Amino acid sequence: MTNDRPVRVRFAPSPTGMLHIGGARTALFNWAFARSNGGKFILRIEDTDTERNSDESLQSILESMKWLGLDWDEGPQAEGDFGPYYQSQRVDMYQAAIEKGMGEGWLYRCFATADELESQREEARSNKVNWQHDARWRELSANESQAKADAGDAFVIRFRVPVGECVVIKDHIRGEVKFASDEVEDWVAVRSNGMPTYNFVCAIDDSEMQISHVIRGEEHLVNTPKQVMLCQALDMPVPDFAHVPLILGSDGKKLSKRTGDTALGDYIKSGHPDDALFNFLCLLGFAIDDKTTVFSRDELLQNFELKKISKGGALFDTDKLNWICGEYIRNTSVDDLCTAVAPFMVAAGYQLAPELLAKLVTALQPRANLYSHFSEQAAGLVSEVTYDEKAKKELSKEGVLQYLELVAAQLQDGEWPPTDFFDLVKQIASDNEVGVGKVMKPLRCALTGALGGPELADVLNILGREQSISRLAKAGQLV
Ligand code: GLU
């Protein structure tokens, strides 16, 4: 079930805010569909809302898409044969369609006021019937309509929805979806200020740009019959559709700020690896099969099919995201990690020599899920040690001073970095007839200031001989 037109898909954000998780996932599915079918991925900027548009939003959307590796073939900063790619620059095209629609009668002026419409809607609700349109204006002759407009009466332009028809759309996720035209009201195509509406311009652009498949959020399904009817009225090709499921937060409701960050930029700032977030976004409604969670871009493209996208809501599972991020961190080379982590270190105020950064990254790699975890956990390793309450308590236990001195003495003269460090700790524990933990725990606290942390052998390697011994001595004074 597909059309045989060359694959051309588009992502059509409105630059009225940051790129959100839902938008990023829609963009990603469009990109994947284009790339896995040898098609074109188009970026169209829906900037008709002049009050809410901002250049800052536009730039952040472009940056977020680049960060995710979603390169576009046509759109801003890219040439193309179907431009302009900003709706604000396409008004002549919309105007031509308005004139055509008025001339052919599938658009008409509606002079009803907002209050009138509300009371009609209210009446329809109480009679439990669908409100559709105000027949007075729908049936007004072209001459009378023109005369009222000339007299300065305010109006909107509505689309004359055909009576008694069935609109069938091809949806690659939901199958054939049918809409009775009688359930669709005569929708507003042009506002009273002369600005065409989203449904009007979107359908025209999709047709003009020869979009073969419209892949977008499920919340747009209600718009689809309107857009299809407009294409039919204009005698323009109708694209196929794929309405991707809503993303649900931990409360089972549509993802919102309350149940998690929704702006992609927040995930970038908090140090999520780009490939990991890309992987996670794919899983919001799509699966390669029932067992593969971590996959590369190539694997995605080899396996991407619209029919593998689920109809049901996709749960945004933060634990899964963290786990996937950890998997990517563990599978990244130390060199690449150092490059990724360096800006986070600088932001946290650490200026580390490359060698020290590499040691730190190696030590923390098994325990970090985000790039920012490296800078968060660097405290105490590459800066002055401070002892937290648990560490102080541990260091105040009986016998601790003696253990610290014994270890310090061994570290003084032995090989560096020590390869048999654990054996040394075991030996001290057995000589003193205590469990290994009794020596290990205060040792860790003395060296790092906290009970948790990376492997002690790595800690010694980061600190170096002198610093390790001086920390053991410093902690000894606390005892
Ligand atoms: N500008 C619309 C939005 O951001 C695009 C919807 C569509 O893809 O048709 O929701």
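The structure presented is a predicted model; accordingly, all values stated were derived computationally and were not measured. Note that the numbering runs from 1 along the sequence shown for the chain. Computed from heavy atoms alone, side chains included, the values below leave out hydrogens, waters and symmetry copies. For ligands, and for the atoms within them, numbers begin at 1 and follow the listed sequence.
- Scanning for salt bridge (Lys or Arg N to Asp or Glu O under 4.0 Å) contacts around Lys269 gives Asp266, with sequence neighbours left out.
- Contact check for Ser181 versus Val163: no side-chain heavy atoms found under the 4.5 Å cut-off.
- Protein residues with a heavy atom closer than 4.0 Å to ligand 1 are Arg10, Ala12, Ser14, Glu46, Tyr198, Cys202, Arg216, His220, listed by chain and number.
- Between His220 and Tyr198, the ring planes lie tilted relative to each other; the angle falls in the 30° to 60° range.
- By the 30° and 60° cut-offs, the orientation of the rings of Phe304 relative to Phe29 is tilted.
- Considering only residues two or more places apart in sequence or on other chains, Thr113 meets the side-chain contact (heavy atoms from CB on, under 4.5 Å) condition with Asp115, Glu116.
- Among residues at least two apart or in separate chains, side-chain hydrogen bond (donor to acceptor under 3.5 Å, both in side chains) pairs with a member in residues 272-293 are Ser270-His272, Asp275-Arg297, Asn279-Tyr328, Asp289-Thr292.
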